[in-house]
Amino acid sequence: MSIDLPLVLGGLAVGFVVGLTGMGGGALMTPMLIFVFRVDPLVAVSSDVVASLFMKPAGAIVHLRRGTVHLRLVLWLCIGSVPAAFCGALLIKALPFGDSLDSALQTILGVALLIASGGLVVRAVLQMVRSRSALGEGPTPASAPRELVVRPVPTAILGAVAGLLVGMTSVGAGSVVIVVLLLLYPALKASQLVGTDLVQAVPLVAAASLGHILYGDFSLGLTTSLLIGAIPGAWFGAHVSSRAPGGIIRRALAILLLASALKLLGASLPVVLGAAGAALVFGNLLWFWVRRRFGAARPASVADSSDEDPAPGPRPAPETAGDPAETSPHR
């Protein structure tokens, strides 16, 4: 077994993105293996899933130590994701594609990447609106996750859908879970979303890895080279994400996933470049719109507060913004 330096460097880059954003492992690693290193799709999926089993804990441990993980959410996600991930690995081999398995797998993977790219766009917009900032989520200091009212059934269903996607395509552990978690639990901070997603992904990819080792086309040498770079990359990226924003990187990642998805679905190079360019242009237009809207709103609110004459004596407590996460009787 020999170590491939280009694979090590590729794993390092992908691992850093995974630790930083909580997503992009399968969505970046598998297309990289297929397009850059010319690996067969099934070998790429199987090896990427097994690599994720060792890459995810490197980032998950950092978030566990900083207290940015909601363990009840992890539990309910795993109830759905673990059995579904193992079944997904079996299903991809049982599908009646025969000799056309590689092309069918590329199509399935392309659709999964389109879903992941769309999810990243939705998340970016929601984060910009929620934080009233065109940069998305801001830096997040270490703090314990807020007490949430966990919704077991939707959370377990989300885990099952993500597990099935991971088992079949290696995509979904972060790209799908973290976006839907943001919709289900908007009170979670950005670092807590990333931490919760990284921890729940560990048992998910463990189940998928077992299925691919038994029934897939796993390559030990390929996986080892990826892990040499991916593990330190995920560890370093998690340290950065637990303290700093990753919003801009996620938007760049969305464009990259869109281009990879179109290429997997058979689009020509001009179509891929045109779509990526259009996404870049419209994404920047959206960014400027949010910046103008919320950038103007903040100074106005500051000016209004400064015009008030301070009355002697104690001031009344300011009213909250009506955030259900702050006013819920269950908190």
- prompt: Of all residues at least two apart in sequence or in a different chain, which pass the side-chain contact (heavy atoms from CB on, under 4.5 Å) check with V43?
  reply: V39, D40, S47, D217, S219, L222

Counting only pairs under 3.5 Å, give me each side-chain donor-acceptor contact of residues 153-164, with atom names and distances, residues two or more places apart or in other chains.
unit_1	atom_1	unit_2	atom_2	d
T155	OG1	R151	O	2.6
T155	OG1	Y185	OH	2.7

field: Smallest separation among heavy atoms of A279 and L258, with atom names
entry: CB-CD2, 4.0 Å

query: side chain to side chain donor-acceptor pair (under 3.5 Å) with S209: which residues, sequence neighbours excluded?
result: none

Non-hydrogen atoms of R72 and V150 that approach each other most closely: CB-CG2, 4.0 Å

field: With M29, the side chain to side chain contact (heavy atoms under 4.5 Å, CB included) member among V49, D48, V45
entry: D48

- request: Using ring pair (Phe, Tyr, Trp, His ring centres under 6.0 Å) as the criterion, list what pairs up with W235, not counting sequence neighbours.
  value: H239

field: Closest non-hydrogen atom pair between A44 and T30, with its separation
entry: CB-CG2, 4.1 Å

- request: For A267, enumerate each residue passing the side-chain contact (heavy atoms from CB on, under 4.5 Å) test, keeping only those at least two apart in sequence or located in another chain.
  value: L262, V271, V272

task: Taking side-chain contact (heavy atoms from CB on, under 4.5 Å) as the test, write out the residues that go with P203, two or more places apart.
output: C78, V82

Matching residue for D197 among V177, L77, L73 - test: side chain to side chain contact (heavy atoms under 4.5 Å, CB included): V177

- prompt: Do V166 and L53 belong to the same hydrophobic cluster, where Ile, Leu, Val, Met, Phe, Trp and Tyr are linked whenever their side-chain heavy atoms lie under 4.5 Å apart, directly or via other members?
  reply: yes

message: If I take atom SG from residue C87 and atom CE from residue M168, how far apart are they, to the nearest 0.5 angstrom?
response: 11.5 Å

statement: Note: with side-chain heavy atoms under 4.5 Å as the link, the other cluster members for L210 come out as F86, L90, L214, Y215

message: Testing the basics here: between I108 and T169, what is the closest heavy-atom pair and its distance to 0.1 Å?
response: CG2-CG2, 3.4 Å

task: Tell me who clusters with L273, hydrophobic residues only, linked when side chains sit under 4.5 Å apart either directly or through other members.
output: L269

- request: List for me each residue that meets side-chain contact (heavy atoms from CB on, under 4.5 Å) alongside L280, sequence neighbours excluded, and say none if there are none.
  value: I255, N284

task: Please report the closest heavy-atom contact between Q200 and V74, naming both atoms and the distance.
output: CA-CG1, 3.9 Å

- line: Taking every heavy atom of G110 against every heavy atom of A261, the minimum-distance pair comes out as O-CB, 3.3 Å

Name the atoms and distances for all side-chain donor-acceptor pairs under 3.5 Å in residues 225-234, with sequence neighbours left out.
unit_1	atom_1	unit_2	atom_2	d
S225	OG	D4	N	3.1
S225	OG	G221	O	3.3

